[in-house]
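The structure displayed is predicted, hence computed values, not measured ones.
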Amino acid sequence: QVQLVESGGGLVQAGGSLRLSCAASRTISSISINVMSWYHQAPGKPREWVASITSGGSTDYADSVKGRFTISGDNAKNSVYLQMNSLKPEDTAVYYCACTTAVGRYWGQGTQVTVSS
């Protein structure tokens with residue numbers, strides 16, 4: 001019902017920046033996307049929530065990224081972005097976009113972010 005496509009991952013040095021993008025396509029146009037989120041998952045560790053934004057524009061962040069990452073969205077385009085500044089090696093992970101609707105949660109394929117020292 002919802003297809004998510006992420007882009008923007010890559011290799012960056014510590015202290016650098018990346019901007020991730022996620023575009024959501026609804027196969028059923030009547031479905032409303034209430035929340036879009038970013039999660040990340042490092043090798044051997046569980047998937048962890050990073051940030052969320054509601055359709056009304058409210059945002060929230062994990063403590064580990066507060067002050068460094070900014071989530072934003074475009075309701076008209078059903079897109080969400082994650083501006084990542086002051087990146088640290090511990091930010092290295094696969095980053096996943098997710099959206100929540102009245103009928104379920106949908107996930108993108110993930111994009112790799114690698115931060116070198």
Between Arg68 and Asp91, which heavy-atom pair has the shortest distance, and what is it?
-> NH1-OD2, 2.8 Å
Residues pairing under side-chain hydrogen bond (donor to acceptor under 3.5 Å, both in side chains) where one sits in residues 7-27, two or more places apart or in two chains, turn out to be Ser17-Asn85
Within the distance-only criterion (no hydrogens, no angle test), does the side chain of Glu6 pair as donor or acceptor with the backbone N or O of Gln109 below 3.5 angstrom?
-> yes
Might you work through the salt bridge (charged side-chain N to carboxylate O under 4.0 Å, His left out) test for Asp63 and Lys66, ending with a clear yes or no?
-> CA-CA 5 Å; Asp63 288 343; Lys66 286 181 178 178; 3.1 Å; yes
For Tyr39, which fellow cluster members are found when Ile, Leu, Val, Met, Phe, Trp and Tyr are connected by side-chain heavy-atom distances below 4.5 angstrom, either directly or through intermediates?
-> Trp49, Val94, Tyr96, Trp107
Anything under 30° is parallel, anything over 60° is perpendicular, the rest tilted; go ahead and classify His40 against Tyr95.
-> perpendicular
Qualifying residues under side chain to side chain contact (heavy atoms under 4.5 Å, CB included), relative to Ser64, sequence neighbours excluded | Ala62
Minimum heavy-atom distance between Ala42 and Thr92, given as atom pair plus value = CB-O, 3.9 Å
From CD1 (Ile33) to OG (Ser55), nearest 0.5 Å | 9.5 Å
Sorted by first residue and then second, give each disulfide (SG to SG under 2.5 Å) pair with at least one member in residues 35-67; sequence neighbours left out.
-> none
Verify whether one side chain among Gln1 and Tyr106 offers a donor that lies under 3.5 Å from an acceptor in the other.
-> yes
How does the hydrophobic cluster around Val5 look, that is, which other residues are in it when side-chain heavy atoms under 4.5 Å mark a link?
-> none
Consider only side-chain heavy atoms of I, L, V, M, F, W and Y, link residues closer than 4.5 Å, and tell whether Trp38 and Tyr61 are in one cluster.
-> yes
Residues at least two apart in sequence or cross-chain that pass disulfide (SG to SG under 2.5 Å) with Cys97, listed by chain then number, are Cys22
Is there a donor-acceptor pair under 3.5 Å between the side chain of Asp74 and the backbone N or O of Ser79?
-> no
When hydrophobic residues are tied together by side-chain contacts of less than 4.5 Å, even through go-betweens, does Tyr81 share a cluster with Val65?
-> no
Could you tell me whether the side chain of Thr100 and the main chain of Arg105 form a donor-acceptor pair under 3.5 Å?
-> no
Minimum-distance pair of heavy atoms, taken over all atoms of Ser117 and Ala14 | CA-CB, 4.4 Å
Heavy-atom pair with the smallest gap, counting every atom of Val113 and Met84 = CG2-CE, 3.9 Å
Do Leu11 and Gln112 come within less than 4.5 Å of each other through their side chains, counting heavy atoms only?
-> no
